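Below is one structure, written out as structure tokens, with a few remarks after it.
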2 protein chains.
Amino acid sequence: MRHRLKDVAERAGVSVKTVSNVVNGYLHVRPDTRARVEEAIAELNYRPNLSARNLRKGRTGVIALAVPELDIPYFAELARHVVTAAAAHGWTVLIDQTGGGPEQERKVASGIGDHMIDGLIFSPLALTADDLAGLDGMPMVLLGERVDHGPADHVVVDNVAAAQEITAHLIGLGRRRIAAIGSQRTPEGASARLRLAGYTAALDEAGIGYDEKLVAPAPAWHRADGAAAMRHLLAAGVRPDAVFCFNDTLALGALRALHEADLRVPEDVAVAGFDDIEDGRFSIPTLTTVAPDKERIARLAVELLAGRLDGDRDAPPRELTAPHRLATRESTTGRP
Amino acid sequence: MRHRLKDVAERAGVSVKTVSNVVNGYLHVRPDTRARVEEAIAELNYRPNLSARNLRKGRTGVIALAVPELDIPYFAELARHVVTAAAAHGWTVLIDQTGGGPEQERKVASGIGDHMIDGLIFSPLALTADDLAGLDGMPMVLLGERVDHGPADHVVVDNVAAAQEITAHLIGLGRRRIAAIGSQRTPEGASARLRLAGYTAALDEAGIGYDEKLVAPAPAWHRADGAAAMRHLLAAGVRPDAVFCFNDTLALGALRALHEADLRVPEDVAVAGFDDIEDGRFSIPTLTTVAPDKERIARLAVELLAGRLDGDRDAPPRELTAPHRLATRESTTGRP
DNA sequence: CCTGGTTTCTACAACGTTGTAAGCAACGTT
DNA sequence: AACGTTGCTTACAACGTTGTAGAAACCAGG
């Protein structure tokens with residue numbers, strides 16, 4: 001059975017508001033009154049009705065995190081960090097899976113703002129600035145690529161620089177025929193475009209010509225796509241001496257395909273990924289990758305959101321860049 | 001700017017309740033009235049205030065899924081299925097990370113029921129029946145091991161049978177010195193106990209003696225723990241010809257440790273896991289494992305919960321068993 | 001004992017929604 | 001013309017909470 005302030009008040013012989021004051025830690029309550037109320041609360045196992053509180057206060061204490069897919073390790077790890085960072089602000093996180101499709105993302109963007117939620121951290125794939133317009137001033141922070149000059153705050157990693165660095169790392173190992181896996185031409189492929197740009201920039205800098213045949217598309221960025229793309233490259237007679245995969249799951253798939261083709265990593269082909277997911281530290285071989293500071297991304301996002309909620313909602317949008325580093329492991333440098 | 005029923009009503013020249021009726025699809029509204037209201041709704045971009053609706057209706061349309069850790073692939077995959085299954089009932093899923101500790105789980109169990117949530121799907125590690133008492137009749141479904149005869153519905157897999165089957169599979173390959181990784185003595189280790197029981201049952205059945213030295217504990221069930229346990233076994237001079245790891249991440253860690261010790265899988269040591277996570281289909285070698293039907297687990301859980309919500313809340317608790325199968329892959333049978 | 005200030009408590013209204021009950025038309029039937 | 005029926009609409013109250021404003025109790029200083 002559920003009890004209300006009123007029940008507690010009757011039992012303690014005080015007014016409803018006094019109970020409310022005790023619950024909310026209001027200062028001026030006589031110690032004996034407070035004790036009586038607390039006793040009644042305990043006896044009835046009273047817990048406040050958050051719907052009512054939210055209605056009254058206009059705040060819910062819940063923020064949403066919308067990601068394309070929860071069982072992509074990168075997003076799962078990110079989610080963990082966001083939950084932790086949000087907890088520090090006393091927030092509960094409602095995690096929403098968009099599926100990554102334009103339609104579903106639009107629905108999340110427009111539909112979630114039904115007063116259930118104070119703010120939104122959104123990791124979009126397909127969203128455009130227009131879609132954001134529907135949000136009606138819902139405080140929001142976007143992760144990843146900027147949605148072309150939309151009105152929202154952003155937390156990004158420098159994809160171009162990171163991709164360039166890791167490609168340069170491969171070049172530095174003496175590799176010259178460097179394949180890239182994960183290119184995408186759809187509008188959802190913003191990350192793909194930036195990482196491809198970094199890849200070509202590194203080739204340019206080293207005076208290596210861009211060879212279209214070395215660039216393999218991947219419809220999604222799952223292990224299966226990485227394996228398929230790698231098999232496809234090999235079947236087409238392309239013999240790269242290195243592969244830069246646009247994320248780690250693609251890379252793990254590529255590792256698998258290379259293994260099946262009896263090619264050694266890194267001796268025959270060096271492999272690098274992007275994201276630094278847990279799997280890559282235990283794969284065989286362990287995976288060289290770009291390690292974005294996920295903890296920082298999460299913290300920055302939550303802090304940006306907190307700024308919006310507490311402060312000026314109409315301040316100009318800010319963009320923060322989270323740091324990244326190169327994690328070199330066996331898939332490029334071999335076993336020590 | 002946010003609008004209310006009242007604003008829409010004024011704009012459309014009708015009463016608040018009529019707008020409410022339109023929003024809720026009430027039948028008896030004249031077509032032209034409905035059109036006027038809908039126009040006003042569109043113009044103002046009205047969206048209902050869920051806090052108010054929830055307060056009025058006593059239902060929130062949100063259920064919680066509480067799991068120990070989101071970035072354990074098994075739980076992430078499960079979460080995806082639960083979200084999908086819940087969507088079919090029109091529910092939003094609030095995902096909660098308990099961290100798996102007794103303290104935190106108890107907090108979730110007692111604290112989440114603050115009227116924010118209609119029901120709870122809980123995958124506990126450390127929870128006891130006492131902890132559940134605090135829930136005050138919050139409809140709940142537990143996943144995994146039964147919390148000793150608590151009052152809640154359960155969805156389980158037959159851990160003992162599954163562990164026995166996969167151990168028998170290893171025995172069937174001619175292996176005799178079969179190690180087990182993942183045993184736990186803490187109260188949280190209910191799964192560990194059951195899987196260990198299945199393991200010993202299979203040994204018994206085959207007339208193989210139980211050797212304590214072959215059983216390695218693992219404080220948690222992460223890759224790092226699996227690798228550490230495997231290294232520990234090898235360092236202790238134990239030379240198993242097979243390893244049954246109590247989940248897949250342990251197994252992936254064990255694969256890694258075996259690789260570092262230059263042991264071949266499955267030639268020298270066959271390796272089997274439990275959970276059938278995505279990683280195991282692409283690891284090198286691919287991982288033989290017990291594949292619980294996660295989609296079914298999620299669906300059953302959601303349906304049990306739906307039954308509680310719509311039906312008799314005081315019906316006796318039910319326990320449903322989700323099917324599992326054996327997925328034999330390279331880590332035991334080698335490359336084809 | 002009064003004054004003014006502080007502490008402690010309370011009554012009331014409001015947050016935005018929907019269920020209830022009732023009102024008002026318009027209709028067909030007697 | 002009176003009636004019941006049906007379709008459409010509305011006023012009101014209530015869900016459980018908290019902010020506001022003010023009342024009551026208390027205290028210290030004259």
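In what follows, chains carry the letters A, B, and so on, assigned in the order in which the sequence lines appear, proteins first and then strands, with residues in each chain numbered from 1. No experiment lies behind these values; they were computed from the predicted model shown.
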Check side chain to side chain donor-acceptor pair (under 3.5 Å) between R299(A) and all other residues, then give those that pass, not counting sequence neighbours.
E295(A)
Which one of L94(B), L70(B), V302(B), I121(B) satisfies the side chain to side chain contact (heavy atoms under 4.5 Å, CB included) criterion with L65(B)?
I121(B)
Atom CZ of R296(B) and atom CG of L320(B): how far apart are they, to the nearest 0.5 Å?
10.0 Å
Give a yes/no on whether any side-chain N or O of S20(B) is located under 4.0 angstrom from OP1 or OP2 of dT17(C).
no
All pairs passing side-chain hydrogen bond (donor to acceptor under 3.5 Å, both in side chains) where residues 78-87 of chain B contributes a residue, at least two apart
D71(A)-R80(B)
For the pair made of CG in D7(B) and P in dC15(C), what is the distance, rounded to whole Å?
11 Å
Point-to-point distance, once rounded to the nearest 0.5 Å, from CD1 of I95(A) to OG1 of T92(B)
13.0 Å
With both distances under 3.5 angstrom, what nucleotide forms a Watson-Crick or G-U wobble pair with dT30(C)?
dA1(D)
Whole angstrom value for the distance that separates P of dG16(D) from CG of N49(B):
17 Å
Test of understanding: with side chain to side chain donor-acceptor pair (under 3.5 Å), list the residues that count as partners of R56(B), not counting sequence neighbours.
none
Atom CD of E10(B) to atom P of dG16(C): distance rounded to whole Å?
13 Å
Separation of atom OH in Y46(B) from atom P in dG16(C), rounded to whole Å
10 Å
R4(A) CZ to dA14(D) P: how many Å, rounded?
12 Å
If the plane angle is over 60° it's perpendicular, under 30° parallel, otherwise tilted; pick one for W91(B) and H89(B).
parallel
Check the distance between dG19(C)'s P and N24(B)'s CG and give it to me in whole angstrom.
7 Å
Rounded to the nearest angstrom, tell me the gap between atom CG in N54(A) and atom C1' in dC15(C).
11 Å
Rounded to the nearest angstrom, tell me the gap between atom CG in L44(B) and atom P in dG16(C).
14 Å
State, to 0.1 Å, how close A322(A) and I297(A) come at their nearest heavy-atom pair, and which atoms those are.
CB-CG1, 3.4 Å
Can you tabulate the close N/O pairs, meaning under 3.5 Å, that link protein atoms to atoms of nucleotides 4-9 of chain C?
unit_1, atom_1, unit_2, atom_2, d
dT8(C), OP2, H28(A), ND1, 3.4
dC9(C), OP1, T33(A), OG1, 2.3
dC9(C), OP2, R30(A), N, 2.8

Nucleotides 19-23 of chain D: which of its N/O atoms have a protein N/O under 3.5 Å away?
unit_1, atom_1, unit_2, atom_2, d
dG19(D), O4', R56(A), NH2, 3.4
dG19(D), N7, K17(A), NZ, 3.0

Listed by chain and number, what are the salt bridge (charged side-chain N to carboxylate O under 4.0 Å, His left out) partners of R59(B), not counting sequence neighbours?
D310(B)
